[in-house]
Amino acid sequence: MSKKILFIYNANSDTGSKLLDFAHKIISPATYDCALCSLTFGSFTENKQWKVFRESLLAKSYELEFLHKDEFQKSYKSKFGHAFTYPIILVETAHDLEVLVTTEKLNGFETVEDLVAAVQLAVFSNS
């Protein structure tokens with residue numbers, strides 16, 4: 001399995017979008033559209049359990065790339081041309097991008113523990 005994992009948020013990277021997302025997470029977190037954002041970040045800081053897990057992947061020489069959907073589409077459209085739904089977690093192979101954790105699974109997770117367990121299962125069962 002490749003050592004490069006891409007985490008793509010269901011949010012855009014421009015300042016206006018970031019401000020709206022920030023406000024949405026505070027005012028109505030249950031209706032926020034990015035489960036990956038909600039699970040990995042609180043309103044102001046990165047979730048501590050997620051940070052420990054993320055750092056453990058880095059320590060095992062995994063390359064992690066975190067992108068907003070507009071950044072992903074710009075960087076990978078010409079190379080792969082896939083139409084993915086967001087949020088999503090992908091792994092880069094020699095010839096393609098493969099889905100590691102689907103949008104549906106991410107949207108179903110209630111806790112960061114659910115997310116960590118799914119990523120661990122996908123990464124370490126295929127390594």
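- The minimum heavy-atom distance linking Ala11 with Asp70 is given by the pair O-OD1, 4.1 Å.
- Heavy atoms only, all atoms of each residue included: Tyr9 and Tyr86 are closest at O-CB, 4.1 Å.
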Residues Leu39, Trp50; criterion side-chain contact (heavy atoms from CB on, under 4.5 Å); working and verdict
CA-CA 8 Å; Leu39 293 167; Trp50 173 253; over 6 Å; no
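- Between Phe7 atom CZ and Ile88 atom CD1 the span is 12.0 Å, to the nearest 0.5 Å.
- Here the closest heavy-atom approach between residue Leu64 and residue Arg54 is recorded as CD1-CG, 3.5 Å.
- Applying the side-chain contact (heavy atoms from CB on, under 4.5 Å) test to Glu98 and every residue at least two apart in sequence or in another chain returns Val91, Thr93.
- Using a 4.5 Å heavy-atom threshold, the side chains of Glu63 and Glu92 count as separate.
- Between the side chain of Lys60 and the backbone N or O of Lys3, no donor-acceptor pair lies under 3.5 Å.
- Annotation: side-chain contact (heavy atoms from CB on, under 4.5 Å) contacts of Glu65 (sequence neighbours excluded): Lys4, Leu6, Leu67, Tyr76.
- Using a 3.5 Å distance cut-off with no hydrogens or angles, the side chains of Asn10 and Lys69 do pair a donor with an acceptor.
- With a 4.5 Å cut-off on side-chain heavy atoms, Phe109 and Val101 count as touching.
- Panel note: side chain Thr85, backbone Thr103; no donor-acceptor pair is recorded below 3.5 Å.
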